Amino acid sequence: MRKTILITGATDGIGLETAKMLSELGHKLLLHGRNPEKLEKVVRLLSGRSDDGTIKSYVADLSDLEEVATLADIVSKEHKQLDVLMNNAGVFKLQQPVTKDGLDARFVVNTIAPFYLTMRALSSLNSNGRVINLSSAAQSPVSLDALAGRTKLNDMEAYAQSKLAITMWTRRMAVSNPQGPVFVAVNPGSLLGSKMVKEGFGVEGSDLRIGADILTRAALSEEFANASGQYFDNDQKRFASPHPDAL
C-alpha cells in the first residue's frame, strides 16, 4: 500500500537518501527543505523516477516557528491523511546559533520545531500512522535554561542536549497517545557521511545508506508497528535504552 510520507530536511544527507529509497518503493513523498533551489533539484531527481505526482515539495526555515506553523497548515490542508512524519532535519554547527526570538537555534531545529510540527499535524495521522524522530548516540542532560535561550552552549553541548530532548518527548508523546500514532526515536548511526558530520567533525563518515535503511524500516516495517515510545540505536542494531533521563 502506498503511503504518504513527510520528510523534513530532505535536500541532502540521510533525508535525501531516505527519500530516494522510499521513492523507489513508490510512496508519495512530501519533501521539506530550507533552500528552494536545492529542493527543486531533489524534486527533479526523484520525479525522474516517477512522473505520477508522487513528489511534492515544501519550503520552510525550521528555525522560524512561524514558518513551521505555515508548513504544518499547508500540508494538513493539502493532505487529509499523513501516514508517516519523519522529523529528520537537524543542525549541529551554525554561524548564527541564536534565533530572532532569542532561542538556541540548535534546540529550535532539532527539538522544538519537530514537536510543533507534530502537534499541528497530529490530526492528519491516524492510529496506524508513525512519527519518526531523529535522535543520536550523543545525548546529555537537558538544561532548561539553555532550552529557553537563557544559557549559551557550544555546538556539541547544544546538539547532544537537543537530541536527548527529542528522545524524551518522543516517549512522552507515546504515553499521551496510547491509541496511536506510533512515536519512535531513532539513532540512524554515528558519524554517517552527511554534510553535518563533515563540517562538524572533519571526517568523511560512513555510508549514508546505513541511516536511510533504518529510517525506511522505521517508516514501513512491522518491527516498528508496536514500538511506540521506544528508542532504536542503529549503532547496536536494536531497540535499546536511551540516556537515563529519557526514562
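Predicted model, so just to flag it, every value in this text is computed and none were measured. Atoms considered below: every heavy atom in the structure, side chains included; atoms not considered: hydrogens, waters and symmetry mates. By convention here, the first residue in the shown sequence is residue 1.
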*Once you round to the nearest 0.5 Å, how far does OG1 of T11 lie from CG of L39?*
7.0 Å

*Can F239 be reached from I166 by stepping across I, L, V, M, F, W or Y side chains whose heavy atoms are under 4.5 Å apart?*
no

_Distance, nearest 0.5 Å, that separates NZ of K56 from CG of L30_ = 9.0 Å

*Over all heavy atoms of both residues, which pair between R130 and P181 is shortest? Give the atoms and the distance, please.*
N-CB, 4.1 Å

*Determine whether L122 and L82 fall in the same hydrophobic cluster, where Ile, Leu, Val, Met, Phe, Trp and Tyr are linked whenever their side-chain heavy atoms lie under 4.5 Å apart.*
yes

*Check whether any side-chain N or O of H243 sits under 3.5 Å from a backbone N or O of L164 as a donor-acceptor pair, and report yes or no.*
no

*asked:* Test side-chain contact (heavy atoms from CB on, under 4.5 Å) on N133 and V184; report intermediate values, then the result.
replied: CA-CA 6 Å; N133 292 324; V184 63; over 6 Å; no

*Does CD in Q179 sit with more than 12 non-hydrogen atoms of other residues, nucleotides or ligands closer than 6.0 Å?*
no

*Taking all non-hydrogen atoms of both residues into account, name the closest pair between A219 and K3 and its distance.*
O-CD, 4.5 Å

*Is there a side-chain contact between T99 and D64, using heavy atoms and a 4.5 Å cut-off?*
no

_Same apolar cluster: L22 and I55, side chain cutoff 4.5 Å_ = yes

*asked:* Are Y159 and F107 an aromatic pair, judged by ring center distance below 6.0 Å?
replied: no

*Can you name the nearest heavy-atom pair linking A246 to M168, along with the distance?*
CA-CG, 3.7 Å

*Taking atom CG of D213 and atom OG1 of T18, what is their separation to the nearest 0.5 Å?*
9.0 Å

*Does A146 offer a backbone N or O that forms a donor-acceptor pair with the side chain of K152 under 3.5 Å?*
no

*T111 OG1 to L147 CG distance, which is reported to the nearest 0.5 Å*: 7.5 Å

*Does CG in N154 sit with more than 12 non-hydrogen atoms of other residues, nucleotides or ligands closer than 6.0 Å?*
yes

*Taking all heavy atoms of V91 and all of R106, pick out the closest pair and write down the distance.*
CG2-CA, 3.8 Å

_Side-chain (E67) to main-chain (D61) donor-acceptor, under 3.5 angstrom_ = yes

*asked:* Would you say CZ of R209 has more than 12 non-hydrogen atoms from neighbouring residues, nucleotides or ligands within 6.0 angstrom?
replied: no

_Backbone of A89 reached by a side-chain donor or acceptor of T8 within 3.5 Å_ = yes

*Can you pull the salt bridge (Lys or Arg N to Asp or Glu O under 4.0 Å) pairs that have at least one residue in residues 229-239, sequence neighbours excluded?*
none

_Is it the case that the side chain of H32 and the backbone of L6 share a donor-acceptor pair, with hydrogens and angles ignored and the cut-off at 3.5 Å?_
no

*Does CZ in R34 sit with more than 12 non-hydrogen atoms of other residues, nucleotides or ligands closer than 6.0 Å?*
no

*E223 vs R217, salt bridge (charged side-chain N to carboxylate O under 4.0 Å, His left out): CA-CA, chis, key distance, verdict*: CA-CA 8 Å; E223 68 184 302; R217 284 164 51 194; 2.8 Å; yes

*Side chains of R120 and F115: does their closest heavy-atom pair fall under 4.5 Å?*
no

*How about N187 and S135: does a side-chain donor come under 3.5 Å of a side-chain acceptor?*
no

*Identify whether the distance between the nearest side-chain nitrogen and carboxylate oxygen of D73 and K77 falls below 4.0 Å.*
no

*Trace of the side-chain contact (heavy atoms from CB on, under 4.5 Å) decision for L134 with L215*: CA-CA 9 Å; L134 268 286; L215 294 183; 3.9 Å; yes

*Quick one: does D101's side chain have a donor or acceptor within less than 3.5 Å of a partner on L103's backbone?*
no

*Any sub-3.5 Å donor-acceptor pair from T167's side-chain atoms to A185's backbone N or O?*
no

*Would you say the side chains of D83 and Q81 form a donor-acceptor pair under 3.5 Å?*
yes

_Partner set under ring pair (Phe, Tyr, Trp, His ring centres under 6.0 Å) for F183, not counting sequence neighbours_ = none

*S23 versus L46, closest heavy-atom pair with distance*: OG-CD2, 3.8 Å

*asked:* According to salt bridge (Lys or Arg N to Asp or Glu O under 4.0 Å), does anything in residues 167-192 pair up with another residue at least two apart or in another chain? List the pairs.
replied: none

_Any donor-acceptor pair under 3.5 Å from E40 side chain to E37 backbone_ = no

*Any idea which heavy atoms bring V43 and S57 closest together, and the distance?*
CG2-CB, 3.6 Å

_Note, V108 side chain near L62 side chain (heavy atom, < 4.5 Å)_ = no

_Q161 side chain vs S140 backbone, donor-acceptor pair below 3.5 Å_ = no

*asked:* Are L29 and L220 linked, directly or through intermediate hydrophobic residues, by side-chain heavy-atom contacts shorter than 4.5 Å (ILVMFWY only)?
replied: yes

*Measure the spacing between CD1 of I5 and CG of L85 and express it to the nearest 0.5 Å.*
11.0 Å

*With rounding to the nearest 0.5 Å, note down the distance linking CG in L125 to OG in S76.*
8.5 Å

_Mutual orientation of the aromatic rings belonging to F224 and F232 [parallel < 30°, tilted 30-60°, perpendicular > 60°]_ = tilted

_If you apply the rule side-chain contact (heavy atoms from CB on, under 4.5 Å), what do you find for T54 with H27, and how did you get there?_
CA-CA 7 Å; T54 58; H27 296 288; over 6 Å; no

*Looking at side-chain heavy atoms only, is the closest gap between L45 and K20 below 4.5 Å?*
yes

_Run N87 and I132 through side-chain contact (heavy atoms from CB on, under 4.5 Å) and show every step you take._
CA-CA 6 Å; N87 287 309; I132 302 164; over 6 Å; no

*Do you reckon V59 sits in the same ILVMFWY cluster as V68, going by side-chain contacts under 4.5 Å, direct or chained?*
no

*Taking the side chain from N126 and the backbone from G129, do they hold a donor-acceptor pair closer than 3.5 Å?*
yes

